[in-house]
Amino acid sequence: FFLDTNYFNILKMYSLTLKCLALKLLLLISCDARHSVYWRANHRSIAEGGSSGTFNVLDYGAKGDGTSDDTKAFEDAWNEACKVAASTLLVPSGSTFLVGPVSFLGKECKENIVFQLDGKIIAPTSSRAWGSGLLQWIEFKSLIGITIKGKGVIDGQGSVWWNKSPDYDPADDNDMMKDQKGTKMPGTKPTALRFYGSNGVMVNGITIQNSPQTHLKFDNCVNIQVSDFTTSSPGDSPNTDGIHLQNSQDAVIYRSTLACGDDCISIQTGCSNIYIHDVDCGPGHGISIGGLGKENIKACVSNITVRDVTMHETTNGVRIKSWQGGSGSVKQVMFSNIQVSEVANPIVIDQYYCDGGGCHNETSAVAVSNINYINIKGTYTREPVRFACSDSLPCTGISLSTIELKPATDKASSSEPFCWEAHGELKTETLPPIQCLKTEKSTSQSSNDAC
């Protein structure tokens with residue numbers, strides 16, 4: 001029996017091929033096993049909330065029936081979402097969640113968390129839920145990158161705070177939704193939604209309605225964006241500002257509809273680089289800078305732009321207001337392309353602001369300079385223009401261009417623009433004629449500006 005040498009060579013090659021195949025198979029099984037172990041470990045981590053992108057409040061015990069207290073479920077879901085960068089806390093649609101006063105703290109949180117609000121959150125109407133009074137209902141604090149977005153609603157159920165009722169009873173029972181007939185809420189009314197000490201805040205799409213006091217507040221925040229936002233409260237609901245900014249910089253507010261019982265947007269001390277455009281305001285008190293300088297404090301506001309805004313049936317249009325006795329300054333402000341309809345006082349600077357009475361004359365004042373009004377048109381019901389500036393520190397650098405304001409009623413037709421110690425320039429003819437504006441005065445007298 002004779003075997004050719006080539007035959008042995010073929011057998012060697014075949015044997016070598018089998019060994020290679022066996023080795024590849026072994027490596028494949030080993031690799032697959034490692035991948036399977038990794039997937040199972042990763043999947044277990046996701047199931048336990050360690051790496052998941054979404055944390056649904058229903059998974060943490062929320063009932064969403066509008067009567068059960070879901071506060072703890074929201075806190076628990078937040079605590080887990082907080083551990084994961086760019087995670088989402090989901091408030092799902094189709095449910096109403098009763099949530100008491102709550103603070104979502106970010107000191108140890110990862111960055112860029114999203115609060116996806118698709119359902120409805122309601123505030124408790126029991127006085128006991130609020131103790132002796134709180135400054136805010138829902139608070140986000142000390143976060144880097146926080147977004148609240150969705151088509152959901154935050155309802156402060158503010159009518160129990162607005163209406164007069166008997167004395168506050170701290171011994172009220174624990175029912176957070178008890179009928180409040182005969183029970184008064186605390187004297188301190190909470191803001192519905194407040195952001196404090198945060199960088200990179202975005203609010204998009206949501207509605208806040210019937211807030212006990214201010215609807216949305218930013219305090220000590222930077223890099224703010226508010227868009228497609230809605231507030232909805234009656235025009236006679238007291239102190240229910242739409243958006244309130246204080247000690248905050250670099251904010252953009254646009255494509256929003258604001259109906260409330262106070263300023264649609266209120267800009268307070270410490271604010272700069274604020275850009276507001278494409279906003280519908282009314283009812284309400286208009287868009288205001290101030291009141292500034294209350295109780296003789298220093299107030300600083302600069303680089304404010306308000307443009308492409310519609311106001312209807314508001315008590316004021318664009319307003320700057322400050323208390324006597326303050327210091328600091330408001331400067332570099334532009335109001336442009338403002339359409340007013342039956343607005344009581346479309347253009348206002350008031351350095352004698354006094355809310356509640358008891359004020360007295362003081363020589364110190366917040367300096368007002370470089371204020372530009374461009375293309376403000378529509379109808380008024382009381383006074384078209386009012387510049388009430390300080391005797392000791394007159395307003396300077398007021399500029400007006402393309403102002404066309406017509407009386408909405410016969411009574412309003414007899415009202416004329418009012419100026420006191422207001423200095424500036426008319427860039428164009430105005431309607432009505434603003435003949436009371438004094439020729440530009442040197443700004444060197446603004447020594448009170450220590451900003």
Donor + acceptor pair across side chains of N204, S227 (<3.5 Å) | yes
No-hydrogen, no-angle side-chain donor-acceptor test under 3.5 Å, D118 and Q116 | yes
Within the side chain of S126, is there an N or O that forms a donor-acceptor pair under 3.5 Å with the backbone of R128?
-> yes
Is it the case that E139 and S103 place a side-chain donor and acceptor less than 3.5 Å from each other?
-> yes
Can any side-chain N or O of S414 pair as donor or acceptor with the backbone N or O of K411 at less than 3.5 Å?
-> yes
Is there a side-chain contact between S248 and I224, using heavy atoms and a 4.5 Å cut-off?
-> yes
In sequence, state the C-alpha distance, the side-chain angles, and the governing distance for L437 and L400, and then conclude on side chain to side chain contact (heavy atoms under 4.5 Å, CB included).
-> CA-CA 10 Å; L437 187 69; L400 298 106; 3.8 Å; yes
Answer with yes or no whether the side chains of S233 and H215 bring together a donor and an acceptor at under 3.5 Å.
-> yes
For C109, which residues count as a disulfide bond (SG atoms under 2.5 Å apart) partner, sequence neighbours excluded?
-> C82
For the pair T430 (side chain) and P432 (backbone), establish whether a donor and an acceptor sit closer than 3.5 Å, ignoring hydrogens and angles.
-> yes
Could you list all the ring pair (Phe, Tyr, Trp, His ring centres under 6.0 Å) pairs where at least one residue sits in residues 249-278, not counting sequence neighbours?
-> Y254-H277, Y275-H277
Basic-acidic side-chain contact under 4.0 Å: K438, E421 | yes
Would you say the side chain of F229 lies within less than 4.5 Å of the side chain of L258, judging by non-hydrogen atoms?
-> yes
Any side-chain heavy atom of D263 within less than 4.5 Å of one from K321?
-> yes
Is there any salt bridge (charged side-chain N to carboxylate O under 4.0 Å, His left out) pair reaching into residues 384-402, and which pairs are they, with sequence neighbours excluded?
-> E383-R386
Report yes or no: does T188 contribute a side-chain atom to a donor-acceptor pair with the main-chain N or O of L134 at less than 3.5 Å?
-> no
For S341 and Q339, does a side-chain donor sit closer than 3.5 Å to a side-chain acceptor?
-> no
Neighbour count above 12 (heavy atom, 6.0 Å) for I144 CD1 | no
Parallel, tilted or perpendicular: which fits the ring planes of F104 and W78, with parallel below 30° and perpendicular above 60°?
-> tilted
Stepwise side chain to side chain contact (heavy atoms under 4.5 Å, CB included) check, V318 with M311 = CA-CA 9 Å; V318 289; M311 300 185 182; 3.9 Å; yes
Counting N and O atoms only, with roles assigned by atom type, does the side chain of D70 sit under 3.5 Å from a partner on the main chain of K63, one being a donor and the other an acceptor?
-> yes
Of D308, T402, N337, T428, which meets side chain to side chain donor-acceptor pair (under 3.5 Å) against N375?
-> N337
Carboxylate-amine/guanidinium contact D228 R255, below 4.0 Å = yes
If only atom types and distance count, is the side chain of T71 paired as donor or acceptor with the main-chain N or O of G100 below 3.5 Å?
-> yes
Take the SG atom of C419, take the SG atom of C389, and say whether they are under 2.5 Å apart.
-> no
Just wondering, do T230 and I208 contact through their side chains at under 4.5 Å, heavy atoms?
-> no
Is the shortest distance from a Lys or Arg side-chain nitrogen in E425 or K427 to a carboxylate oxygen in the other one below 4.0 Å?
-> yes
Between the main-chain N or O of T240 and the side-chain N or O of S211, is there a donor-acceptor pair closer than 3.5 Å?
-> no
Applying side chain to side chain donor-acceptor pair (under 3.5 Å), run through D155 and Q209 and close with a yes or a no.
-> CA-CA 5 Å; D155 189 342; Q209 63 190 30; 3.0 Å; yes
May I ask you to decide whether D278 forms a salt bridge with R307, counting only side-chain N to carboxylate O separations under 4.0 Å?
-> no
Would you indicate whether the side-chain heavy atoms of L89 and V91 approach each other to under 4.5 Å?
-> yes
Residue pair A408 / T379: nearest heavy atoms and the distance that separates them | CB-CB, 3.9 Å
If you measure only the distance, is there a donor-acceptor pair under 3.5 Å linking the side chains of N303 and Q249?
-> no
N/O donor-acceptor pair under 3.5 Å between D241 side chain and I243 backbone = no
Could you tell me which residues satisfy disulfide bond (SG atoms under 2.5 Å apart) with C260, sequence neighbours excluded, listed by chain and number?
-> none
Check the pair I434, C436 against side chain to side chain contact (heavy atoms under 4.5 Å, CB included), reporting the backbone distance first and the verdict last.
-> CA-CA 6 Å; I434 305 175; C436 57; 4.2 Å; yes
Backbone N or O of T54 within a donor-acceptor pair of the T88 side chain at under 3.5 Å?
-> no
Which residues pass the side chain to side chain contact (heavy atoms under 4.5 Å, CB included) test with D219, sequence neighbours left out?
-> R194, Y196, Q246, N247
Please assess L193 against I154 for the test side chain to side chain contact (heavy atoms under 4.5 Å, CB included), listing each intermediate value before the final yes or no.
-> CA-CA 9 Å; L193 177 60; I154 295 174; 4.2 Å; yes
Backbone N or O of S390 within a donor-acceptor pair of the Q351 side chain at under 3.5 Å?
-> yes
Student check: side-chain heavy atoms of V343 and Y380 closer than 4.5 Å = no
Residues at least two apart in sequence or cross-chain that pass ring-ring contact (aromatic ring centres under 6.0 Å, His included) with Y353, listed by chain then number, are W323
Under 3.5 Å side-chain donor-acceptor pair for D65 and S68 | yes
Under 6.0 Å between ring centres, would you say that holds for F74 and Y60?
-> no
